[in-house]
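Below is one structure; the comments refer to it alone.
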Amino acid sequence: MDLPALANCVTSLSCIVTQSTSGLIIGMLLFLVAAGVSLIFGVLKIINFAHGSFYMLGAYLVLTVYGLSDSFLLAVITAALGVAVFGLLFERLIISRVYGSQVLMQLLVCYGVILILDDLVKIIWGPEFKSLGMPAAFRKPPYLVGGGVVPVYYLFLIVLTLLIALALGLAITRTRFGKIVRAVAINPGMASALGINTGYVYAGVFMLGGLLAGLAGALAAPVRSIVSGMGLSVVVESFIVTVIGGMGSVAGALVGSLLIGLVRSFGTIGFPLFTEGLMFLLMAVVLVLKPSGLFGREG
Amino acid sequence: MSKRRNNRRSRREVLSGAVAAAAVGSFPFVSRAQNKPIKIGMPTIQSGRAAMVGSSSRNGCLLEIEKFNAAGGLGGRMVELVARDTKGKPEEAARLSRELVNSDGCEILFDSESSAGAFAIHEVAKDLGVVVMHMNSETSALTADPKLRIPNAFRAARQGIHDSIAAGSYAGKIAKAKGLKKWLSCSPDYAYGRDSTQLFLEYLKHFQPDVEVVGEAWPKLYQPDYTDALTKILQIKPQAMYSCLWGGDLTAFIDQSAIYNLFAQMEVFTINVADYTILTAVKNLPKGIHSGNRYLSTFPNTEANAKWAAEYRAKFNEFPINWSWENATGAKFVLEGLKKAGSTEAKKLSDAIRGMTIESPFGADGTLTMRAEDQTLVNYATGWGQTIPTEPFMPEVTPVDWQVIYELETAWKKKNNYI
Amino acid sequence: MRTSSTLRDCLIALVIFALLAALPIVWPSRGMSDFVIRLAAFGIFATSLNLLVGYAGLESFGHGLFFGLGAYSFGLAMQRLGTSIPAALALTVLLSVVVAGIVGAICVRLKEIYFAFLTLAFQMLLHSLIIAWTPLTGGDQGLTGGVPRPPFLGISLDQPYHLYLFSAGLLVACLLLMRHIVQSPFGYTLRLIRDNPARATSLGINVWGMRLAAFIIAGAFGSIGGVVMSLFVSGAFPDFAYWTISGEAIFMIMLGGTTLFLGPVAGAVMLLMLNDVVTKLTEHYGLVLGLIILLFALGLRKGLADYLAELWQERSAARGAMQLPAAPFAEPSNKLSGE
């Protein structure tokens, strides 16, 4: 524990700027993954434990396409779409078969898929960890704001993800598609009786979740190492976020992710050896005080 | 199509083993027992984030074993390597080691697991009495602590204490020369990371007392995001930084630090950069990073070393790395021990290996020794230098004086009541 | 009626133990002995989890908390306190009961998925503690140096056959005890709470208290599984408290079945055998095991033991036999749980 260091930091503008930026980054990438988890749970009442594998696929796809085309933009779009398609296949072929079953059976199915995917990427891309490297457009020195450090790529990530969060929020609250999704989430039986094809909606939500996770993996690739099993850490954190923010709430996922990001970034200063423990503690506190999460609906 | 390298190789192994067995077994007057293959069990990590451990460990051993078999084996008995995936779980490592010995007829164990797995396998060796060669564990306590010592366990890997003394001695000189007073550490938060960092800082102060540790960052092992650590480092603004991050973590760290232009702002000392996994994976390797060698085909700058690296590359289509040479070394000690003892019996083999000196391209002076009193490897080539972004990646390496290492190591053992 | 079924269970337990004891003599294979010891550890652990999942309807993600706690407290007691093995075992169970009491009191208030995640959070907190408290636990290296095994009551666990008998004995004893608990009025009340909590409350049953009791019992037995594992590897590793160990237990009860009492043990046999065989035959463990798991989960969609039991049920129903519910509170969907 290093409380003096923490106190020092929160009283220094440059430290606040730097740590908050870093918290924002962690949070925004986490949000892309957690939003998908939250949506899928909200609409299908399924906890998609395999979501980390979507993320991993996105990273590997961007690696390959960037290597072939030298265009980061093309690579990111391809990766996101690719994982969206995978999400669709996963939903139709695998997870839809266990819709009625216990949560634990769904967990078992996801575990099978995780095992397979982790091995497949090892077979196809090799066991060594890979590195994408920073795309040329972002290879610039960082900005200095109030004495704090803000890297160019990270600024791009934050802005882009905020736009996506906005778009997602609008899509769900303002568009017809959003209305249908919400209707199915609240009462699938009624929605179906009203003529909505719930099967399409389920598939669509999984595709969207896949798209977001694949995008997260692709965008994270320049600043992560890519290796089999990389989805593990992401999926555990995204569950913490979903619990804190509230299952089924995109706004909750955003707030939860930012909270976790900030806890991590300021936590490493004050509690360098117990940062993971802090996150679980936070999760426990939220569950005890308000189980449905900050933005979740009761019951 | 897909990279089925490993599959092809294991099928080849089985095939060549079968052919050899058939050929040998076809002589009616040769008793079966005499030409039964000598099976060596290798629990190792073949999946997940550390899958590189498994492939490089096995490759290192195979190179030695093939030479041994080609020269006739042990009186006609060929060595057969049986590698299994522990998936990085110590309880699997324990179970597999037992299975390899109890059910699969393995007479010797090559422990190519990581440090936690090594302790589990060590207990199995204690229980079953077979010879075990620890190939990858760098935790000094494994051999230094007399409470853990058993006559049939040996270590062929480099050790944390040796590396820290070497690092401290080099860094101390540079600190003195360049006036580097404010230091910060950024190492993975687990036993290896913490022990290595603590020892390094101790020895840095020993060689250059005028240094101050102004901060510490402890990212989690396999943590993909270093933003919080990096921003902390940039806040504190040290003059020099030490890190024992390794593998994918180090690659990610270097890539991420480049965004912040970290390497221009401080001198960086890292134990693990000079290893081809990093050197070839990092897209824009900054120049001027101080690093100790993990494995370099140009250090020692001998024909033997270059030849070994070329053979390895030709056969396996990848660069040899730290685990490759450590496993090759461990395998060689066992194989030479088999020749010397003339038998696979555990006590005879252990007695043969203990104290043995072999010729090796990885030795500081062309030889390597398995020190008798604590059954661990000494006199391996270790040195420090600075990186450049292209091959040979580290053109000048200053070798470390082993006399200095021995002296300080003895003091450290006394301090910890190991002797 | 109850006494006769208890007697029957005891006899079955004795027979099983006798068979297990004879096995290494008839088939001297250390590999097989190792398998049974591991089966003991996981069989006890998985069955204890099923007390929560199958019988109490509490789906816990964090049961590994007790497995890890059991392994570490036993290992530490033997290494640091130098106690005898029975004393260390008793201490471990006592500690687990206390921890389960505290954790359970907080968790069982919540329902379903929130309960699951909170148990997970507590487990990971223990894991973080184990990793951080290096001087006590050895950190990520685990407890090194081996777990001492001083002889007690003429049993010396240093000898392989003794360790085998001890593990098999613990397995049979724990299963028998847990069986007795689920067949008791407590067990039936638990099932009522699982199926219809509102009705239970209206009957004046303290739902929270019963659930807490189930949690504590499950925790106590779960820790015994950890003890056996720590004896097997002669140590304890942070792995034992990581969420993956909870996952393994969950997979075992899913593969084996949650309705039959011995379902989890069957699942443990299945998962261990699959693990061992696949590891032996191929380097592509993930691919093969994953495909097999998918086949099971998507094909059967329930545990193997449950599936077979239902098949048998359908056959005997087809033969026109009358089925009387054998126990009070048995709901139609759980015909088998009374047996």
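Here the structure is a predicted model, which is why all the values come from computation and not from measurement. Numbered from 1 within each chain, the chains take letters A, B, ... in sequence-line order.
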Can you tell me how far apart CG (A:Asp118) and OH (C:Tyr285) are? Round to the nearest 0.5 Å.
12.0 Å
Nearest non-hydrogen partners of C:Leu110 and A:Pro291, listed with the distance
CD2-CG, 3.4 Å
Flag the pair A:Tyr111 / C:Thr244 as yes when at least one side-chain heavy-atom distance between them is below 4.5 Å, and no otherwise.
no
Main-chain N/O of C:Gly299 paired with A:Arg97 side-chain donor or acceptor, under 3.5 Å:
no
For A:Ala284 versus C:Ala121, what's the shortest heavy-atom pair and its separation?
CB-CB, 4.2 Å
Heavy-atom distance under 4.5 Å between the side chains of A:Ile240 and C:Phe117, does that happen here?
no
Side chains of A:Ile94 and C:Leu298: does their closest heavy-atom pair fall under 4.5 Å?
yes
Before giving the answer on side chain to side chain contact (heavy atoms under 4.5 Å, CB included), spell out for A:Leu287 and C:Phe115 the whole-Å C-alpha distance, their side-chain angles and the decisive distance to 0.1 Å.
CA-CA 8 Å; A:Leu287 279 170; C:Phe115 168 77; over 6 Å; no
Considering only heavy atoms, which portion of A:Val243 lies under 4.5 Å from any heavy atom of chain C: side chain, backbone, both, or neither?
side chain
Report, by ascending residue number, the residues of residues 56-63 of chain C in heavy-atom contact with chain A at a distance under 4.5 Å; give 'none' if the set is empty.
C:Glu59, C:Phe61
Mind checking whether A:Glu276 and C:Ile131 have side chains closer than 4.5 Å, heavy atoms only?
no
A side-chain contact here means heavy atoms from C-beta on lying under 4.5 Å apart; do C:Met124 and A:Met279 qualify?
no
Check each atom of C:Ile106 against the heavy atoms of chain A and say whether the ones under 4.5 Å are side chain, backbone, both or neither.
side chain
Min side-chain heavy-atom separation C:Ile250-A:Leu108 under 4.5 Å
no
Between C:Ala297 and A:Val98, the two heavy atoms sitting closest are O-CG1, 4.1 Å
To the nearest 0.5 Å, tell me how far C:Ile113 CD1 sits from A:Phe239 CZ.
8.5 Å
If you round to the nearest 0.5 Å, how far is CD1 of C:Ile292 from CD1 of A:Ile116?
10.0 Å
Heavy-atom proximity to chain C below 4.5 Å, by part of A:Val286
neither
Please say whether more than 12 non-hydrogen atoms of neighbouring residues, nucleotides or ligands are located less than 6.0 Å from OH in A:Tyr200.
no
Under a 4.5 Å cutoff for heavy-atom pairs, which residue among A:Leu278, A:Leu281, A:Leu115 has the most contacts with chain C?
A:Leu115
Rounded distance [0.5 Å steps], NZ in A:Lys122 versus CD in C:Glu283:
6.0 Å
Do C:Val53 and A:Gln102 have side chains that get closer than 4.5 Å, going by heavy atoms?
yes
Rounded at 0.5 Å granularity, tell me how far CG in A:Leu120 sits from NE2 in C:His284.
9.5 Å
Side chain proximity check, C:Leu287 to A:Ile123, heavy atoms < 4.5 angstrom:
yes
Between C:Ile293 and A:Gly112 the two heavy atoms that sit nearest each other are CG2-CA, 4.2 Å
